[in-house]
Amino acid sequence: MLKKERFRRFIEYFTEHYPEPQTELNFSNPFELLTAVILSAQCTDKRINQITPALFARFAEPESLAAASVDEVFSYIRSVSYPNNKAKHLVGMAKAIMERFGGEIPTTLADLQSLPGVGRKTAHVILSVVYNEPTMAVDTHVFRVSHRLGLAPLTATTPLAVEKSLMAYIPKVHVPKAHHWLILHGRYICLARSPKCSICPLLDFCKYPQS
DNA sequence: ATCCCGAGGG
DNA sequence: CCCTCTGGAT
């Protein structure tokens with residue numbers, strides 16, 4: 001099947017069944033989303049949602065987080081992956097926002113990536129979810145599912161290469177939603193270890209069907 | 001043993 | 001390019 005047809009099928013199915021997909025991270029403003037996404041690296045959204053209520057109650061804005069000790073922040077996030085690194089990143093992120101961006105969350109890719117703990121993937125999530133910009137954040141799910149469904153070539157061996165491949169085929173208006181669709185599919189059907197192919201609606205054109 | 005919405009450093 | 005950080009779920 002031609003690549004263009006694969007994208008058409010993918011977009012067609014999810015447009016009908018998940019017309020308004022959203023992140024499963026709980027947040028109520030850009031600062032909370034940025035904090036949650038930094039914490040989400042190599043960790044399930046479910047776990048992040050368990051610890052963010054107390055974290056956001058204590059640190060409701062960059063100012064209080066910037067003034068906090070790394071040790072105190074660590075105490076709120078000790079049950080997530082890489083808590084030491086992330087505690088440092090969160091405080092550093094908040095300080096950078098206070099010192100260089102007047103307490104406001106940056107709005108460009110370069111400015112977001114200049115923040116401690118914020119790489120290309122996290123920056124794209126903020127741009128896409130907060131500002132609805134057509135940017136494709138490539139995480140472990142997007143990377144895996146794109147290859148399996150033939151939406152990205154196997155020669156695309158880096159997140160950036162997969163991102164460019166996807167962006168070349170997905171209409172801009174669908175990009176923010178496509179990001180969530182790929183994650184939803186990866187999280188609930190196209191699992192890394194034992195993909196649920198028997199219930200996959202896109203199995204007929206999958207390149208890696210498991211028994 | 002493997003995976004989860006990665007980033008920073010060498 | 002590689003490696004490390006690191007806890008919880010399955």
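Using a 4.0 Å heavy-atom distance criterion, P116(A) is classed as a sugar-phosphate-only contact. Among the heavy atoms of the strands lying under 4.0 Å from S81(A) is at least one base atom, whether or not backbone atoms are also near. Nucleic acid contact for V37(A): none, since no nucleic acid atom lies under 4.0 Å from a heavy atom of the residue. Within 4.0 Å (heavy atoms only), L115(A) reaches sugar-phosphate atoms of the nucleic acid but no base atom.
Distance check on atom C1': dC5(C) versus dC3(B) gives 16 Å, rounded to whole Å. The gap from the P atom of dG8(B) to that of dG8(C) amounts to 24 Å, rounded to the nearest Å. Comparing dC3(C) with dT2(B), their P atoms sit 16 Å apart, to the nearest whole Å.
Between E99(A) and K95(A), no side-chain nitrogen of the basic residue sits less than 4.0 Å from a carboxylate oxygen of the acidic one, so the salt-bridge criterion is not met.
OP1 or OP2 of dA9(C) lies within a sub-4.0 Å distance of a side-chain N or O belonging to R47(A). An OP1 or OP2 oxygen of dT6(C) is reached within less than 4.0 angstrom by a side-chain nitrogen or oxygen of N84(A). Using a 4.0 Å cut-off, no side-chain N or O of T44(A) falls inside it from OP1 or OP2 of dC3(B). Residue N85(A) has a polar side-chain atom (N or O) positioned under 4.0 Å from OP1 or OP2 of dT6(C). For dC4(B), the OP1/OP2 oxygens have a side-chain nitrogen or oxygen of T140(A) closer than 4.0 Å. For R187(A) and dC4(B), the shortest distance from a side-chain N or O to OP1 or OP2 is not below 4.0 Å.
If you measure from atom CD1 of I51(A) to atom P of dG8(C), you get 12 Å, rounded to the nearest angstrom. Atom NZ of K86(A) and atom P of dC5(B) are 11 Å apart (whole Å). Rounded to an integer number of Å, the gap from CG of L34(A) to P of dA7(B) is 11 Å. Across the protein-nucleic acid pair, N49(A) atom CG and dC5(B) atom P stand 11 Å apart, rounded to whole Å. One can place CD1 of I183(A) at 11 Å from P of dC4(B), the figure rounded to the nearest angstrom. In this structure, the CG atom of L191(A) is 21 Å from the P atom of dA1(B), given to the nearest Å. Look at NE2 on H89(A): it is 17 Å from P on dT4(C), rounded to the nearest Å. In this structure, I126(A) atom CD1 and dA7(B) atom P are separated by 11 Å, rounded to whole Å.
Of the listed nucleotides (dC4(B), dC5(C), dA9(C)), dC4(B) has the atom at the smallest distance from the side chain of Q42(A). Comparing dT6(C), dC4(B), dG7(C) by their nearest atom to the side chain of Y82(A) picks out dT6(C). Minimum atom distance to the side chain of S79(A) is reached by dG8(C), of the listed dC5(B), dC3(B), dG8(C). The side chain of P83(A) lies closest to dG7(C), out of dA9(C), dG6(B), dG7(C).
DNA chain B is contacted by both C43(A) and G117(A); C43(A) maps to the nucleotide lying nearer its 5′ end (nearest heavy atom per residue). Mapping R193(A) and F74(A) onto DNA chain C by nearest heavy atom places F74(A) at the nucleotide closer to the 5' end. Each of R120(A) and G186(A) has a nearest nucleotide on DNA chain B; the 5'-most of these lies closest to G186(A).
The neighbour count for F101(A) CZ, taken as heavy atoms of other residues, nucleotides or ligands under 6.0 Å away, is above 12. For Q22(A), the CD atom is loosely surrounded, since the number of other residues' heavy atoms within 6.0 Å does not exceed 12. Few gaps surround NZ on K3(A); more than 12 heavy atoms of other groups in view lie less than 6.0 Å from it. Environment of CD in E72(A): crowded, with over 12 heavy atoms of neighbouring residues, nucleotides or ligands closer than 6.0 Å.
Here the NE2 atom belonging to H179(A) is positioned 10.0 Å from the NE2 atom belonging to H141(A), to the nearest 0.5 angstrom.
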(request) Go through the steps for T35(A) and E32(A) under the test side-chain contact (heavy atoms from CB on, under 4.5 Å), then give the verdict. (result) CA-CA 5 Å; T35(A) 300; E32(A) 290 188 358; 5.6 Å; no

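With hydrogens and angles left out, the side chain of T23(A) and the base of dC5(B) share a donor-acceptor pair within 3.5 Å.
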